[in-house]
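What follows is a short report on a single structure.
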Amino acid sequence: MMFAMTSMATGCPATARSASRAPAHAGPAARHAPRPQRVGRPGAPGASKSLRFARTPMAASVDNAQAGVGKLISKVEIPAFIPRQDMMNQLFRWASDLEDNGYALIGSPCKITPLMEDEQVRNFTISLLNSGVSVADILIAFDEDVAVKHEWIGMGPDKFPVPEGKATDVHGKHLEVRKTDTNSVSDALRAALHLLCANLAEAVNKYYAFGSCFSEDAT
């Protein structure tokens, strides 16, 4: 199952793909449905689907952005069965590498600042630096929308997957990328943001496919 991240920013690539493998317990109807969904018990991430970022101009005004802090440049819906806190913890660990290797990875030195809540990373900001001064502050956070998680996915009368079992609210339906500063975007900064979004999409795809932002597909 491929899971894709849609980009809402000019700086973000359309797709970052990881390996595509159908869950072993999924039936033929689930594998060939036009809009495949996970079949079986939602739990640890299994087969991947690519996460596709929806695009919007980087220069869009705050009025054109969705509700939230700063300018929305990218968002993706995260399946309800994925544990939000574990995903955020791993993305923060992944982003921390930019403090040491930001120039090599995206062409800009970076500083990572987490927002802690009850000793957990609630969200974090990636600041792109020029001569030690921030030229762009990029917030990585879940939104305030609620997703609904069911105990399992069954098969309906039409042989398509349907949610079944007890429904539970999951806070944070989308993972968002927001530019929270008011600085203008130069061509060099735009290129760095493009690479940042590409690397972020790859990290999220790895988490969805393998349960870790740091896994490699050896198949």
Side-chain angles (χ1 to χ4, degrees), residues 1-6 8 16-54 66-69 72 74-94 114-124 139-178 200-215 217:
M1 199 165 72
M2 289 286 297
F3 187 43
M5 219 171 174
T6 333
M8 283 195 135
R17 290 189 177 90
S18 50
S20 172
R21 297 177 297 184
H25 54 275
R31 288 195 295 270
H32 298 293
R35 295 176 66 92
Q37 301 180 37
R38 186 179 178 86
V39 176
R41 179 186 61 83
S48 72
K49 174 184 169 189
S50 113
L51 279 165
R52 181 171 304 155
F53 282 108
Q66 297 186 18
V69 177
L72 178 67
S74 174
K75 70 181 294 184
V76 62
E77 182 174 348
I78 302 297
F81 66 83
I82 287 184
R84 269 49 178 172
Q85 189 58 63
D86 183 66
M87 185 179 195
M88 182 59 67
N89 290 344
Q90 290 207 31
L91 288 175
F92 174 65
R93 284 177 51 210
W94 163 83
L115 174 63
M116 306 298 294
E117 186 175 272
D118 297 328
E119 300 183 351
Q120 297 281 354
V121 179
R122 179 178 178 183
N123 57 54
F124 60 90
L139 176 68
I140 312 297
F142 286 105
D143 65 7
E144 299 299 323
D145 290 346
V146 175
V148 178
K149 179 176 70 174
H150 290 81
E151 289 182 292
W152 62 82
I153 300 296
M155 197 73 69
D158 57 359
K159 305 302 181 182
F160 279 80
V162 293
E164 295 181 349
K166 181 181 178 181
T168 305
D169 287 346
V170 176
H171 294 279
K173 185 175 183 178
H174 303 91
L175 181 68
E176 294 187 337
V177 180
R178 290 180 175 272
L200 175 62
E202 182 179 7
V204 174
N205 281 331
K206 285 182 178 181
Y207 186 90
Y208 181 83
F210 310 113
S212 171
C213 295
F214 311 99
S215 296
D217 182 14

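With a 4.5 Å cut-off on side-chain heavy atoms, Leu91 and Tyr207 do not count as touching. For the pair Trp152 and Pro163, the minimum side-chain heavy-atom distance is 4.5 Å or more. A heavy-atom distance below 4.5 Å is found between the side chains of Ile78 and Met87. The closest side-chain heavy-atom distance from His174 to Asp145 is below 4.5 Å. You'll find the side chain of Phe214 reaches within 4.5 Å of the side chain of Gln90, heavy atoms only.
Smallest separation of non-hydrogen atoms from Lys149 and Val170: CB-CG2, 3.8 Å. Closest heavy-atom contact between Lys166 and Glu151: N-OE1, 2.7 Å. When every heavy atom of Arg178 is checked against every heavy atom of Val69, the shortest pair comes out as CD-O, 2.8 Å. Ile153 and Pro161 make their closest contact through CG2-CB, 3.7 Å (heavy atoms, listed as atom of the first residue, atom of the second, distance). For the pair Pro114 and Phe124, the tightest heavy-atom approach, listed with the atom from each and the gap, is CA-CB, 3.9 Å. The two residues Lys206 and Ser215 come nearest to each other via the heavy atoms CD-O, 3.2 Å.
Few gaps surround CD on Glu164; more than 12 heavy atoms of other groups in view lie less than 6.0 Å from it.
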Please assess Val121 against Met116 for the test side-chain contact (heavy atoms from CB on, under 4.5 Å), listing each intermediate value before the final yes or no.
CA-CA 5 Å; Val121 179; Met116 306 298 294; 3.8 Å; yes
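Separating the CZ atom in Phe142 from the CD atom in Gln85 is a distance of 8.5 Å, to the nearest 0.5 Å.
Checked by atom type and distance alone, the side chain of Asn123 never pairs as donor or acceptor with a backbone atom of Leu139 at under 3.5 Å. Between the side chain of Glu176 and the main chain of Ala141, no donor-acceptor pair closer than 3.5 Å is present. Between the side chain of Arg84 and the backbone N or O of Gly172 there is at least one donor-acceptor pair closer than 3.5 Å. Asp158 contributes a side-chain N or O that, together with a main-chain N or O of Phe160, makes up a donor-acceptor pair within less than 3.5 Å. Looking at Glu77, its side chain never comes within 3.5 Å of a backbone N or O of Leu175 through a donor-acceptor pair.
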